[in-house]
Amino acid sequence: VQLQASGGGMVQTGGSLRLTCAASVSPFAFSRYYMGWFRQAPGKERDFVAAVSRTPGIEIYADSVKGRFTISRDNPKSAVYLQMNSLKPEDTAVYYCAAAPIGSRWPPVRNQYKHWGQGTQVTVSS
């Protein structure tokens, strides 16, 4: 599975961005993966942001983004999205999408994510 993340950019505090992650597999194959978003700020570890189960509507979020970010997936389009609202400077990071295959626990632990996108930069200015 190849994952292509896009949609990053530079916004001011309080702004919004929508990230897209497109998977290079059929809709049926895509539906067999749990999908997640992670982020990595300079000099810091890669942190979990949000995940969505194989069935749309079952989601989990890091406390730092709860109420501001929304993860969603469109299985027929083999895509997952991250809508980010009320952005803060501390949200500045490279954002990565990742896929955990069927058979992983829910929510997947980090080492169950077997496929990673290349990352997209999000910069929030104060």
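- S16 and N85 make their closest contact through OG-OD1, 2.9 Å (heavy atoms, listed as atom of the first residue, atom of the second, distance).
- Remark: side-chain polar atoms of Q118 are paired, donor with acceptor, to backbone N or O of A5 under 3.5 angstrom.
- A side-chain donor-acceptor contact under 3.5 Å links R110 to the backbone of R46.
- Distance CD1/I71 to CD1/I58: 12.5 Å, rounded to 0.5 Å.
- Under a hydrophobic-cluster definition in which Ile, Leu, Val, Met, Phe, Trp and Tyr are linked whenever side-chain heavy atoms come within less than 4.5 Å, directly or via other members, I60 and L82 are assigned to different clusters.
- Interatomic distance, SG of C97 versus OH of Y113, reported as 11.0 Å (0.5 Å rounding).
- Pairing each heavy atom of I102 with each of Y34, the nearest pair is CA-CE1, 4.4 Å.
- Listed for the R105 side chain is no donor-acceptor partner under 3.5 Å among the backbone atoms of Q112.
- Neither Y96 nor M35 shares a network with the other; the hydrophobic side chains, linked directly or stepwise wherever heavy atoms of I, L, V, M, F, W or Y lie under 4.5 Å apart, form separate groups for each.
- Heavy atoms only, all atoms of each residue included: P76 and P27 are closest at O-CG, 3.3 Å.
- Looking at heavy atoms from C-beta onward, F69 lies in side-chain contact with L87 at the 4.5 angstrom threshold.
- Nearest heavy atom pair, residue N111 against residue K114, reads O-NZ, 3.0 Å.
- Panel note: side chain S78, backbone V25; a donor-acceptor pair is recorded below 3.5 Å.
- Nearest heavy atom pair, residue S31 against residue N75, reads CB-ND2, 3.7 Å.
- In summary, the side chains of Y61 and E59 do present a donor paired with an acceptor at a separation below 3.5 Å, with no hydrogens or angles considered.
- With respect to D63 and K66, a salt bridge is recorded, a charged nitrogen being found less than 4.0 Å from a carboxylate O.
- Remark: Y33 OH to L3 CG distance equals 9.0 Å, nearest 0.5 Å.
- The structure places CZ of R73 at 4.5 Å from CZ of F30, a figure rounded to the nearest 0.5 Å.
- Pairing each heavy atom of T120 with each of G7, the nearest pair is OG1-N, 4.1 Å.
- Atom CZ in R18 sits 11.5 Å away from atom CE in M84 (nearest 0.5 Å).
- At a threshold of 4.5 Å between side-chain heavy atoms, the hydrophobic network of Ile, Leu, Val, Met, Phe, Trp and Tyr places V65 and V11 in one connected group.
- A donor-acceptor contact shorter than 3.5 Å links the side chain of T92 to the backbone of V124.
- In this structure the side chain of S72 never reaches within 4.5 angstrom of the side chain of Q83, judged on heavy atoms.
- Q12 contributes atom CD, which lies 9.5 Å from atom OG of S126 (distance to the nearest 0.5 angstrom).
- Hydrophobic clustering (side-chain heavy atoms under 4.5 Å, transitive across Ile, Leu, Val, Met, Phe, Trp, Tyr) groups V80 together with L17.
- Placement of Y81 and L19 in two distinct hydrophobic clusters is found when ILVMFWY residues are connected by side-chain heavy-atom separations under 4.5 Å, directly or transitively.
- Side-chain atoms of S86 never come within 3.5 Å of backbone atoms of G14 as a donor-acceptor pair (strictly under, hydrogens ignored).
- When ring centroids are compared, W37 and Y95 stay outside the 6.0 Å threshold.
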